[in-house]
Number of protein chains: 2
Amino acid sequence: MIMKMANSRSLHARVVGEIGESIVSGVLRPGDALLGEAQLAAQMEVSRTILREALKVLAAKGLIETRQKTGMRVRDARFWNHLDPDVLSWRCASMPTEDFVGKLVEMRAIIEPAACMAAARRRDAAQLEAIGAALDAMEDAPDLDAWAEADLRFHEAVLTATNNELLSSLFSVIETSLATFFVMSARTAKNFKYSLPQHRAVYEAIRRRRPNEAAEAMRAMIDDSRTNMRKPSRK
Amino acid sequence: MIMKMANSRSLHARVVGEIGESIVSGVLRPGDALLGEAQLAAQMEVSRTILREALKVLAAKGLIETRQKTGMRVRDARFWNHLDPDVLSWRCASMPTEDFVGKLVEMRAIIEPAACMAAARRRDAAQLEAIGAALDAMEDAPDLDAWAEADLRFHEAVLTATNNELLSSLFSVIETSLATFFVMSARTAKNFKYSLPQHRAVYEAIRRRRPNEAAEAMRAMIDDSRTNMRKPSRK
DNA sequence: AGAGCATATTTGTCCGACAATTGACAAGCT
DNA sequence: AGCTTGTCAATTGTCGGACAAATATGCTCT
């Protein structure tokens with residue numbers, strides 16, 4: 001009686017997740033040798049075929065390297081695709097370090113104001129509408145979950161409105177940063193809409209096609225959330 | 001007599017490259033259905049096992065999705081991991097469009113000044129030394145190839161000096177952008193060192209720990225390279 | 001002791017088989 | 001007729017075994 005239903009994902013997805021998380025979270029350190037394919041497959045209770053599919057995916061993300069006879073080793077962190085959505089989420093699976101949260105916020109502070117500027121210049125009507133719809137959903141959000149969902153949609157819509165898919169691909173970073181922020185500030189669930197005016201300011205600046213104002217409004221919003229995240233550690 | 005040596009890479013790497021490039025370059029359009037695994041494997045002259053390893057990697061990059069019974073389809077471009085080093089390089093394999101080059105430069109203009117600022121604040125002695133070494137190599141470069149190699153190292157060293165691995169992971173974008181620039185400006189191979197003073201200015205600002213000066217110097221350098229890239233199309 | 005060789009171990013590749021999923025179609029019921 | 005239901009078939013998902021290729025290790029011979 002095996003309870004495989006723990007994760008409904010396909011087998012190889014489960015294996016990728018387990019090993020990937022072990023590596024990114026530091027259980028397996030760079031330079032460590034993974035046991036051979038055969039033993040690893042047995043330990044995970046999958047066939048070698050499936051394990052190898054998973055290993056190829058991890059290798060594509062830069063997490064491991066494999067050479068014949070020597071076996072597989074965890075690569076040094078500087079080779080990892082840190083921007084890969086999976087790598088990011090694995091990194092936050094076990095409560096992210098304060099250090100990492102700081103790096104996420106730094107990325108937001110670099111990306112989002114610049115994205116607002118680009119969006120204010122190049123957004124079309126439909127893209128503005130998408131941002132507005134997210135803003136409305138934030139305003140009508142009955143609880144923190146609904147707010148969080150709409151908030152993510154807002155920031156994604158802004159990225160999309162830049163019409164630069166390289167920029168919008170960075171949404172996974174913003175997503176991870178915001179998700180972390182939500183769990184860290186869950187206790188202050190009472191007035192979770194406090195940042196609505198700031199979001200509205202961003203929307204208005206983009207609507208009126210004012211790049212500098214949009215960037216400035218976004219910068220203010222990020223600064224604000226930065227200080228709000230420091231509060232818990234101050235107590 | 002099969003000439004497999006065309007690409008010395010392993011089989012699955014070759015398959016990943018071929019299919020990935022077909023998708024990213026537009027030969028296969030989003031929504032297109034790939035033939036079944038069996039036929040595809042036969043067409044590529046590899047076993048289904050190898051093909052499947054390749055497909056999993058492509059799926060991990062967001063390029064394809066696979067469902068039972070339906071088969072495999074190319075996903076919409078908005079799901080692609082545009083920042084994945086492989087995806088970036090595939091995109092430039094067949095002469096990148098002017099539109100894409102513009103997006104690459106926009107990314108540089110966002111990332112690198114911010115990175116210079118962070119590097120000026122947080123770099124340690126060894127990281128400064130790495131930047132300086134790359135600068136020296138640029139100065140001593142005998143030809144364009146040596147210059148290009150040192151130039152890449154310079155920008156990578158700056159990214160590394162930010163001590164934010166998320167930021168340094170964006171090097172693949174800068175790398176692609178610079179590589180494109182080198183091939184587009186190959187004709188002006190005579191005075192290929194014209195940007196040396198600008199690089200030196202960046203180095204000096206980082207050495208003296210002047211964030212704003214460093215960012216400004218980098219901005220000037222990017223603006224300059226932007227105009228130099230427009231020249232060919234002006235004629 | 002050093003160079004070269006034999007060997008064993010590990011990954012790379014291939015094959016054939018069966019299970020699971022699910023779109024499509026046909027049959028039957030209301 | 002329209003809807004439901006059940007069967008079928010096509011495709012991916014998973015498995016195990018087999019052999020090839022590469023190479024670290026240790027042995028042998030000089």
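The figures here come from the full heavy-atom set of this structure, side chains too, leaving out hydrogens, waters and symmetry mates. Throughout, a chain's letter reflects where its sequence line sits, starting with A, and its residues are numbered from 1.
Rounded to whole Å, atom P of D:dC15 lies 12 Å from atom NE2 of A:His12. Summarising the geometry, the separation between CZ on A:Arg9 and P on D:dG13 is reported as 15 Å, rounded to the nearest angstrom. The distance between atom CG of A:Leu51 and atom C1' of D:dG13, rounded to the nearest whole Å, is 16 Å. Across the protein-nucleic acid pair, B:Arg52 atom CZ and D:dC15 atom C1' stand 11 Å apart, rounded to whole Å. The nearest whole Å value for the distance from the CG atom in A:Leu11 to the P atom in C:dA20 is 12 Å. The nearest whole Å value for the distance from the CD atom in A:Glu45 to the P atom in D:dG16 is 11 Å. What separates CD of A:Glu53 from P of D:dG16 is a distance of 14 Å, to the nearest Å.
A search for salt bridge (charged side-chain N to carboxylate O under 4.0 Å, His left out) contacts involving A:Arg48 returns A:Glu37, not counting sequence neighbours.
A salt bridge links B:Arg52 with A:Glu53: the distance from a Lys NZ or Arg NE/NH1/NH2 to an Asp or Glu carboxylate oxygen falls below 4.0 Å. Using a 4.0 Å cut-off between a side-chain N of Lys or Arg and a carboxylate O of Asp or Glu, B:Lys103 and B:Glu98 do not qualify as a salt bridge.
Of the inter-residue distances, the one linking A:Asp32 atom CG with A:Met72 atom CE reads 12.0 Å to the nearest 0.5 angstrom. From B:Lys61, atom NZ reaches atom CG of B:Leu83 across 12.0 Å, with rounding to the nearest 0.5 Å.
Side-chain atoms of B:Ser168 come within 3.5 Å of backbone N or O of B:Asn164 as a donor-acceptor pair.
Among D:dC15, D:dT12, C:dC15, the nucleotide with an atom closest to any side-chain atom of B:Glu37 is D:dT12. Here D:dG13 is the nucleotide among D:dT14, C:dT13, D:dG13 with the atom lying nearest to any side-chain atom of B:Lys56.
Donor-acceptor pairing under 3.5 Å, judged by distance alone, is present between the side chain of B:Arg48 and the base of D:dT14.
For CZ of B:Arg122, the number of neighbouring non-hydrogen atoms (other residues, nucleotides, ligands) closer than 6.0 Å is greater than 12.
Near-neighbour residues of DNA chain D inside residues 64-77 of chain B, defined by a heavy atom below 4.0 Å, number-ordered: B:Thr66, B:Arg67, B:Gln68, B:Lys69, B:Gly71, B:Met72.
When each of B:Ser47 and A:Gln39 is assigned the nucleotide of DNA chain C with its nearest heavy atom, A:Gln39 is the one assigned upstream, toward the 5' end.
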